[in-house]
Every structure is written in C-alpha cells, then in structure tokens.
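I have placed the structure first, in the form of structure tokens, so that the comments after it can refer back to it.
Numbers restart at 1 for each chain; the letters A, B, ... are given by sequence-line order, proteins then strands. Just so it is clear, the structure is predicted and the values come from calculations on it, not from any experiment.
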Number of protein chains: 2
Amino acid sequence: MAERSAWRHLFTLLKLAEMGAHRRTAKISTEYLARKLEMSQQTASRHLIELENQGWIRRAITPEGCLIKITDTGVRELKRLYSNLRFLIEAAYPPSVTLEGVVFTGLGEGAYYITRGHYRKQFMEKLGFVPYPGTLNLKLTTDYDVKSYSELEAYPAIEIEGFKSENRTFGSVKCYPVIIENKAKGALISALRSHYDASVIEVIAPVFLRKHLNLKDGHKVKVEVLTLP
Amino acid sequence: MAERSAWRHLFTLLKLAEMGAHRRTAKISTEYLARKLEMSQQTASRHLIELENQGWIRRAITPEGCLIKITDTGVRELKRLYSNLRFLIEAAYPPSVTLEGVVFTGLGEGAYYITRGHYRKQFMEKLGFVPYPGTLNLKLTTDYDVKSYSELEAYPAIEIEGFKSENRTFGSVKCYPVIIENKAKGALISALRSHYDASVIEVIAPVFLRKHLNLKDGHKVKVEVLTLP
DNA sequence: ATTACTACTAAACGAGTAC
DNA sequence: TGTACTCGTTTAGTAGTAA
C-alpha cells in the first residue's frame, strides 16, 4: 500500500473482481464500471490506467470496451485484505492488548516465588527463558487499563502448574507473553497470589528490566500482552 | 455506502478494528492512529469525527486519547466487506457470465426437441417453467463471447436427463438459468445436439422472447448466465 | 460505440495553532 | 500531553471533447 490512493484503487479492484476479472479476462467498458462504482466515466478510465501502472491489472482496449484481467499481484492484494478481515472477524481474541502502568517497588515477594525450582523449570520449558530473580511491579493507571487487564482473564494463557513443598502449597500461575516498551520480551504473571489488587501487574523477563530499560519508580511503562492463537 | 468518502472511512474502520476496537473499547489517540494510517493527526481526527457521524463508531474523548468502540453498524460494514471477499476468493465459479449474441432464425429444430414430453416435464421440475415451444438462437459476436461460453462447460449445470423413444435416443441436456436483456428469465440449453457450432447458443423461456422483447433478426442481445452456488 | 486528454471544480489533506 | 479548528495546498473527480 505505497501511495495514499492505493486504498481507493483496491476498491476499484474489488469491483473488477466482482465482475469476474480475477479469474478470467472480462470485457468491461469504462462507462459500465463507472456506473457500478457510482463515479464518472472519466474517473473510471483514470482508475484503470492507474491500476494498470500499479501492475494490478492487465488490459487490452477494444472498440467495444476494455478486456481486463486482474494480475497475480492484484489478486494477492485482494487476498491480503481478505485474510486481514478473516483474522479480525473469525478470531475469538484480539491479537494483543496493551496495558500501561507506573513502576513501583513491591515487597520483593515476587522474587521468592519465581525462583522456586518447580516454577523456574516450567518457565524455561513454557516461556523459553529463565526469569531474572525479581518482578517488575506496575500499577495500572486508568480504569481502562484495569478493565483491559480483567478481560485478559478470559483469554487462553500459558499454565504454570502448582506444586507442594514440605511446608506449603504453591498454586498454579497463568502467564502471557509480553513485550515491554516495544523493546524487551518477557511475561506477565497472573494470580501468583490471590489477586490482592486487580490494578497491579507483575512482569518477569530474562533480564533485569529496571536496569535494561533504565526504569525508576514512577515511570510509565507500556506492556503489550500477546494473546495466544 | 451513501457518500463517496465511505470507502476511505471503511479503511480507517478496518485499522480501528485491527486495534481491537470492534470487540472492546480501545484507547487510541489521533496521533497514534495517524501514524498507523500514514496520515496527519488532523486527518485522523477528522476521520474519527466523520466515522462517528456516520454511526460506525462511538467515542469518548479523554485527555489521554479517545476511547473508541466500533458500533454494531460499523461491524456490519466490515462483515459485509468480508463476505464479499470470501465469496470472490473461496468461490470456485464466478456468480454470472454475460454473453452477447445476434438474433438469427434457425431451422426450427429446437422447438421439436424441447416439446418432447420427458424434456418438458423436467424443465418444469428443474427450471420452474414450461418453455414456450421454440428457442431463441443467438450467434455469439466476438471471440471473447465464444471463449466465455466455452468456459461455462466447466461450471456446474442443471442436468436434464435423456431418454429413449420408440424410434431414437434423446441425449441429456445441460441448462443454465439466464436473464435476457436484464428483463426476462429463461435458460440456456447446451449440447442439445452435438455442438454443431460452438458460437451459437439457444435460449428458452416461459414466454415467446421475440415478441416479449420485440426482437428481430440481427438485433444484439445480452444474456446473463447465472452459475450455480 | 469506445477511451482518455485538457481544463476546471470539489474534496481531502496537512501546517499552524487554540484550547 | 491530548483534540480539532481555520485556512492555504494538494489531490481526486467531473465536463467537455478529440480521436
């Protein structure tokens, strides 16, 4: 989609396809096309010229109209639009949800939990990294973010199984892969403890995020949560 | 799709949907939208206003950006586009093929064939009408039309079964529903005899087409052949 | 009948800027 | 930071018409 007018042309292309020009050479006069697109004959003519220059159609002009065939490139454009739409309409979940929160210092409990052996092993297996021994705490700033976060609950997550030690029980944990500040990969861990505050999220990563991204308390951080296919 | 700019807005709507605004309220600033659409912040702002007036989105403006939700009407627009595209891309056959030919007077054999009882009965059952006892002969005018006609062979058709009388065998016939001159319904009958000329088609209808459409030898006639789903 | 050029009009866009 | 106004510029669209 190089030029701005490309979008307009895509619709003209769509109409041509509706006339069958994507599978066989179709005889379509500029006047006929113009009526179908509710535009003038001159504009239709110009669009065809531009579509041809763009390489989306091939054309032969006869005294009875144009013989038009959409090229493979043109068909590819239509298919791209189609798969975009299919993804949107058929998909049960959005591809990602972006949350924004403010960095704060917690009680350091997160570090204790995520360094337990059974958790660590599963992080490696299921997330592909061993987390830095500490979590980045973020306080969600707006109701919008809190609401987005709560909607995440309904989406499929990576399950980290719980286990029992001599003294106590460690519950199961839900993880979502995330991208922090468009730079670092990591994961959001949910329900580590029983939701003591629905407006707080904890993020783990293979690196020390505070240092890696130069974060200090009070900084705003964007976290893009990737939902699973 | 009332106004001309509706196409452009549909594209903007698609981008909003890609940001998840079709399933939940999404926080999207005009500046962010502008970057994604490769347009200016001002234009993005204007588009959102127009989209709202069009009833395709609902919007709440906050100091941190707009909270945008695509309305049911907006989603319907996207779905309409989607099903148009799906039909084009997934469908094995085009919805219709238009043929153009010149009226001529044949030998009157067609009338004999289509009035045979076994044929007549099946026409009624499978086409929904008893044909006027005569066929309209059309000589296809261009190579393009002949080629289009030959491609029809590959498409699914209504099969009229053959039969045997005391004297001879009547072969099976393929029919395609057609619309003649955008006015009258009928059917194209193919292979009634063994293709003595691939540039001639025969059309039947419940009415006497020559009279009904005031056709005379030499007149050009457009026939829209409907392919089956 | 066609297509498509030129000259003009209407609409969309974006810079600057107010809020 | 945000949104969105005005206004000059650019682009898309049309009428008339030649080929």
task: May I ask you to check whether A:Y82 and B:Y82 place their ring centres under 6.0 Å from each other?
output: yes
message: My understanding is that only residues two or more places apart in sequence, or in another chain, count here; which of them pass side-chain hydrogen bond (donor to acceptor under 3.5 Å, both in side chains) with A:T98?
response: none
Identify the pairs formed between an N or O of the protein and an N or O of nucleotides 17-19 of chain C at a distance under 3.5 Å, and give each distance.
none

task: Run through A:K36, A:H47, A:E50 and flag the one making a side chain to side chain donor-acceptor pair (under 3.5 Å) with A:T12.
output: A:H47
- request: Not counting sequence neighbours, which residues clear salt bridge (Lys or Arg N to Asp or Glu O under 4.0 Å) with B:K147? List them please.
  value: B:E151
- request: Only counting residues at least two apart or in another chain, list the ones meeting salt bridge (Lys or Arg N to Asp or Glu O under 4.0 Å) with B:E18.
  value: B:K15
Centroid-centroid under 6.0 Å between B:F11 and B:W7 rings: no
query: Taking only N and O in the side chain of A:R46, is any of them less than 4.0 Å away from OP1 or OP2 of D:dG13?
result: yes
- prompt: Among C:dA4, C:dT3, C:dG14, which is the nearest nucleotide to the side chain of A:T30?
  reply: C:dT3
- prompt: Checking all strands, does B:S29 fall into the base, sugar-phosphate, or nothing category for heavy-atom contacts under 4.0 angstrom?
  reply: sugar-phosphate
- prompt: Would you say C:dA12 has OP1 or OP2 under 4.0 Å from some side-chain N or O of B:H47?
  reply: no
field: Nearest to side-chain heavy atoms of B:R8, which nucleotide of D:dA15, C:dC13, D:dA4
entry: C:dC13
- prompt: Closest to the A:S40 side chain: C:dG14, C:dT3, D:dT14?
  reply: D:dT14
- prompt: Taking only side-chain nitrogens and oxygens of A:R59, does any of them come within less than 4.0 Å of OP1 or OP2 of C:dA4?
  reply: yes
- prompt: Run the side-chain hydrogen bond (donor to acceptor under 3.5 Å, both in side chains) check on B:E224 and B:S96 step by step: do they pass?
  reply: CA-CA 6 Å; B:E224 186 181 7; B:S96 74; 3.0 Å; yes
field: Nearest-neighbour nucleotide for the B:I61 side chain, D:dA4, D:dT14, C:dG14 considered
entry: D:dA4
task: Please collect all ring-ring contact (aromatic ring centres under 6.0 Å, His included) contacts where either partner lies in residues 18-41 of chain A, sequence neighbours excluded, each pair once.
output: none
- request: Could you tell me whether the phosphate oxygens of D:dA4, OP1 or OP2, come under 4.0 Å of any side-chain nitrogen or oxygen in B:S45?
  value: yes
message: So if I take the C1' atoms of five pairs at each end of the helix from C:dT2-D:dA19 to C:dC19-D:dG2 and get each local axis, what angle do the two axes make, rounded to 10 degrees?
response: 40°
